[in-house]
Structures are given as structure tokens and as C-alpha cells.
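The structure appears right after this line, and notes come after that.
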Amino acid sequence: NCSHNSKILTSTTQLYLIMFKSLALATLAASASAFAPAQTGKASTQLAAFENELGVQPPLGFFDPLGLLTNADQERFERLRYVELKHGRICQ
């Protein structure tokens with residue numbers, strides 16, 4: 001009877017060991033994919049109008065994460081740039 005219980009315990013332990021190894025392998029694969037290079041697309045033609053402005057730097061190029069200038073003209077760009085500089089100076 002005692003040897004039967006140890007065989008069950010051993011098979012249960014083996015099952016947990018296999019599950020742990022699988023989980024560790026899946027975690028390792030997921031963390032490795034986090035460091036893969038991101039796919040970046042070209043800027044749209046509307047935003048390409050601002051690619052030559054001061055502050056545009058590689059590899060990002062023109063950086064507008066909130067999309068504030070998606071359908072903006074040069075006047076809107078200059079107004080937002082002015083406000084950005086004004087508030088930046090106040091914060092310092």
C-alpha cells in the first residue's frame with residue numbers, strides 16, 4: 001500500500017514538474033518577444049509636411065502620439081509649438 005502511494009505521488013510530482021517547465025518556457029518566449037524590434041510604418045503624407053521642423057529626430061521622426069496634428073495645417077502646428085514652449089518655460 002505504501003509503495004502504491006509513492007508511485008501516485010511521483011506521477012503527480014512529475015505532472016507538476018511538466019506543467020512548471022511549460023509555464024517557464026511560455027513565460028520565457030513571451031518576454032523574448034517583448035524585446036523584438038517594433039514594426040514602424042512611414043508617416044502619412046499629412047504628417048510628412050512637418051518632418052523638416054526643428055526637433056524632428058530619428059528614429060521617431062515627427063512624434064505626435066496623441067494625433068493632435070492629424071488634420072492640422074502649418075498655422076495649427078505653429079500655435080501648438082508656441083504653447084508647448086510657453087508652458088515648458090513656465091514649468092522650469
Side-chain angles (χ1 to χ4, degrees):
N1 193 9
C2 186
S3 66
H4 178 57
N5 287 339
S6 66
K7 286 181 183 179
I8 292 174
L9 181 61
T10 304
S11 65
T12 304
T13 304
Q14 288 177 350
L15 179 63
Y16 283 131
L17 186 60
I18 291 170
M19 288 173 41
F20 177 76
K21 286 181 181 179
S22 299
L23 180 64
L25 184 62
T27 304
L28 181 64
S31 65
S33 67
F35 293 102
Q39 298 293 328
T40 57
K42 275 297 237 183
S44 70
T45 55
Q46 182 70 22
L47 294 180
F50 304 120
E51 283 293 328
N52 296 325
E53 293 293 335
L54 182 64
V56 175
Q57 299 177 15
L60 294 177
F62 179 70
F63 187 64
D64 184 29
L66 298 177
L68 297 174
L69 295 170
T70 302
N71 295 318
D73 57 359
Q74 187 67 31
E75 182 181 346
R76 173 82 173 142
F77 175 81
E78 290 171 1
R79 169 72 179 142
L80 289 176
R81 175 65 59 97
Y82 167 77
V83 171
E84 178 183 19
L85 292 174
K86 175 184 170 188
H87 290 286
R89 290 185 188 129
I90 291 171
C91 290
Q92 293 177 356

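Computation of the quantities below employed the complete heavy-atom set of this structure, encompassing side-chain atoms and omitting hydrogens, waters and symmetry-equivalent molecules.
- Tested against Lys21, the residues Ile18, Leu17, Leu25 include a single side-chain contact (heavy atoms from CB on, under 4.5 Å) partner, Leu17.
- Taking hydrophobic clusters as Ile, Leu, Val, Met, Phe, Trp and Tyr residues chained together by side-chain heavy-atom distances below 4.5 Å, Val83 does not share a cluster with Leu66.
- Note that CG of Leu85 is 6.5 Å distant from CZ of Arg81, once rounded to the nearest 0.5 Å.
- Here CZ of Arg76 is found 11.0 Å from CG of Asn71. Values are rounded to the nearest 0.5 Å.
- Looking at every heavy atom in both residues, Asp64 comes nearest to Leu69 through OD2-N, 2.9 Å.
- Applying the 6.0 Å contact sphere to CD of Gln74 captures more than 12 heavy atoms from other residues, nucleotides or ligands.
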